[in-house]
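These notes concern the structure reproduced below.
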Amino acid sequence: MSLTSANRDLALLHPAMRERVGRLMVDIAAANLPLRVFEAWRSPERQRHLYAQGRTRPGRKVTFAEAWESYHQYGLAVDVVGFVDGAWTWDLPDSVWRRMHDLGAAHGLERLGFETPHLQLADLKIGDLMDGDWPDGSDPSWRNNMAAVIDRWDGQPSAPPMVGGELERPAIGTQIDGGLDWSRTQGVGSGDWHSFFGGQQWRYDDQGIYLRTGPNRPIRSPGTHYLPNHSRSLWATDLQGVLGA
């Protein structure tokens with residue numbers, strides 16, 4: 001994960017955005033506009049880094065959005081920038097930007113008045129996105145990335161709940177040195193973890209009880225006392241078993 005490099009992988013965009021951007025770029029090429037996607041999905045860590053510029057870091061301000069306050073974090077925005085003679089440029093005639101905005105609007109993408117290259121999926125509200133209310137039609141490429149990012153985030157504001165992404169529960173991952181290969185299991189949002197037990201956060205699902213030993217290496221209990229109708233004392237028994245493993 002880079003704080004200083006723009007991610008241009010369109011596979012990390014939400015499918016609703018990815019499809020529109022694809023059609024937009026076809027139109028841009030047909031109109032012979034010297035534009036390319038400069039940045040697509042952006043991590044909350046990078047958003048926080050950019051927000052600090054001109055505030056707690058040297059430089060001019062480049063964004064008004066903190067982490068999770070930009071559509072970029074949800075794969076619902078792109079920055080389309082000039083590419084001339086093999087180099088990126090923001091110095092283009094107003095007519096080029098206006099044409100790009102018009103083409104974007106034809107595909108359901110709206111501009112931001114204070115960020116000329118920015119296009120985002122129209123008719124959404126950032127407050128809804130921060131609450132986990134996301135567009136329908138997710139796919140594994142977008143969903144898995146979002147789940148992993150939400151799970152690792154420990155900053156402010158809090159990560160949104162992973163409730164609007166049509167999550168599908170994959171098979172339990174591979175056991176490695178007594179731990180679970182979390183990259184092969186469902187991502188878990190920070191809000192899914194319960195209060196600390198024995199110094200570690202824990203949660204349960206229909207496969208067992210998990211202790212959070214790190215962002216990528218939780219431990220799953222071998223016990224069966226994980227269903228909601230079982231008492232907390234039985235859950236504790238499983239947790240103690242994992243802590244002692």
Side-chain angles (χ1 to χ4, degrees), residues 1 6-28 37-47 63 65-80 100-112 115 117-153 155 157-173 182-193 203-207 215 228:
M1 177 190 65
N7 188 303
R8 304 184 185 107
D9 185 359
L10 299 187
L12 299 183
L13 294 176
H14 187 284
M17 184 68 184
R18 190 188 311 140
E19 178 185 0
R20 287 168 171 80
V21 171
R23 289 191 271 119
L24 169 65
M25 298 314 295
V26 169
D27 288 351
I28 283 176
V37 173
F38 174 78
E39 186 162 18
W41 175 81
R42 180 188 299 154
S43 72
E45 291 88 355
R46 173 164 160 78
Q47 187 70 41
T63 181
E66 297 191 58
W68 299 112
E69 293 181 352
S70 168
Y71 282 44
H72 280 285
Q73 274 81 84
Y74 307 90
L76 296 169
V78 294
D79 292 334
V80 181
M100 185 263 282
H101 293 149
D102 289 343
L103 292 174
H107 294 296
L109 303 176
E110 61 185 8
R111 60 166 297 189
L112 289 181
E115 291 186 26
H118 181 99
L119 291 172
Q120 62 189 31
L121 193 63
D123 301 323
L124 300 176
K125 296 180 179 179
I126 191 62
D128 292 339
L129 298 179
M130 294 179 73
D131 288 339
D133 184 7
W134 301 332
D136 294 332
S138 68
D139 66 359
S141 178
W142 173 85
R143 184 170 59 245
N144 293 344
N145 179 60
M146 289 295 297
V149 172
I150 288 172
D151 184 48
R152 74 169 182 249
W153 177 252
S158 298
M162 191 73 184
V163 296
E166 300 176 357
L167 284 174
E168 300 171 359
R169 185 181 300 279
I172 286 295
W182 196 237
S183 67
R184 304 186 189 184
T185 67
Q186 174 185 347
V188 179
S190 57
D192 292 333
W193 295 95
R203 72 175 185 89
Y204 72 91
D205 63 16
D206 62 359
Q207 300 289 341

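Computed over heavy atoms, backbone and side chain alike; hydrogens, waters and symmetry mates excluded.
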Requested in this report: Mind checking the CD-CG spacing from Q120 to L129? Nearest 0.5 Å is all I need.
Outcome: 9.0 Å
Query raised in the report: What is the distance from atom CZ of R42 to atom CG of L12, rounded to the nearest 0.5 Å?
Result: 13.5 Å
**Report entry** Residue pair W153 / A159: nearest heavy atoms and the distance that separates them
**Finding:** CD1-N, 3.5 Å
Requested in this report: Check S138 against R143 and note the closest heavy-atom contact, atom names and distance.
Outcome: OG-NH1, 3.2 Å
**Report entry** Residue pair L124 / P135, side-chain heavy-atom distance below 4.5 Å
**Finding:** yes
Query raised in the report: Which heavy atom of R18 sits nearest a heavy atom of A11, and at what distance?
Result: NH2-O, 3.0 Å
Report summary line: In D79, V78, V80, the residue satisfying side-chain contact (heavy atoms from CB on, under 4.5 Å) with H118 is D79
Query raised in the report: Which atoms form the tightest heavy-atom contact between W68 and P157, and what is the distance?
Result: CD1-O, 3.8 Å
Query raised in the report: Yes or no on side chain to side chain contact (heavy atoms under 4.5 Å, CB included) for H72 and W41, after CA distance, side-chain angles and deciding distance?
Result: CA-CA 5 Å; H72 280 285; W41 175 81; over 6 Å; no
**Report entry** For R20, all residues meeting side-chain hydrogen bond (donor to acceptor under 3.5 Å, both in side chains), sequence neighbours excluded
**Finding:** none
Query - From M25 atom CE to I28 atom CD1, the distance as rounded to the nearest 0.5 Å - result: 4.0 Å
**Report entry** From L109 atom CG to D102 atom CG, the distance as rounded to the nearest 0.5 Å
**Finding:** 12.5 Å
Query - E19 and L13, any side-chain heavy atoms less than 4.5 Å apart - result: no
Requested in this report: Let me see the working for R23 and V26 under side chain to side chain contact (heavy atoms under 4.5 Å, CB included), right down to the final yes or no.
Outcome: CA-CA 5 Å; R23 289 191 271 119; V26 169; 5.6 Å; no
Query raised in the report: Do V21 and H107 touch side chain to side chain, with heavy atoms closer than 4.5 Å?
Result: no
Report task. Before giving the answer on ring-ring contact (aromatic ring centres under 6.0 Å, His included), spell out for W142 and Y74 the whole-Å C-alpha distance, their side-chain angles and the decisive distance to 0.1 Å. Result -> CA-CA 9 Å; W142 173 85; Y74 307 90; 8.7 Å; no
Requested in this report: Would you check if S43 and N7 make a side-chain contact, meaning some heavy-atom pair closer than 4.5 Å?
Outcome: no
Query raised in the report: Is any side-chain heavy atom of W134 closer than 4.5 Å to a side-chain heavy atom of M146?
Result: yes
**Report entry** Within-4.5 Å side-chain heavy-atom neighbours: H101 and L119
**Finding:** yes
**Report entry** All side-chain hydrogen bond (donor to acceptor under 3.5 Å, both in side chains) counterparts of H14, not counting sequence neighbours
**Finding:** none
Requested in this report: State, to 0.1 Å, how close D9 and A40 come at their nearest heavy-atom pair, and which atoms those are.
Outcome: O-CB, 4.2 Å
Query - Minimal non-hydrogen separation, E66 against Q73, with atom names - result: O-OE1, 3.9 Å
Requested in this report: Determine yes or no for a side-chain-to-main-chain donor-acceptor pair under 3.5 angstrom, with Q47 supplying the side chain and A65 the backbone.
Outcome: yes
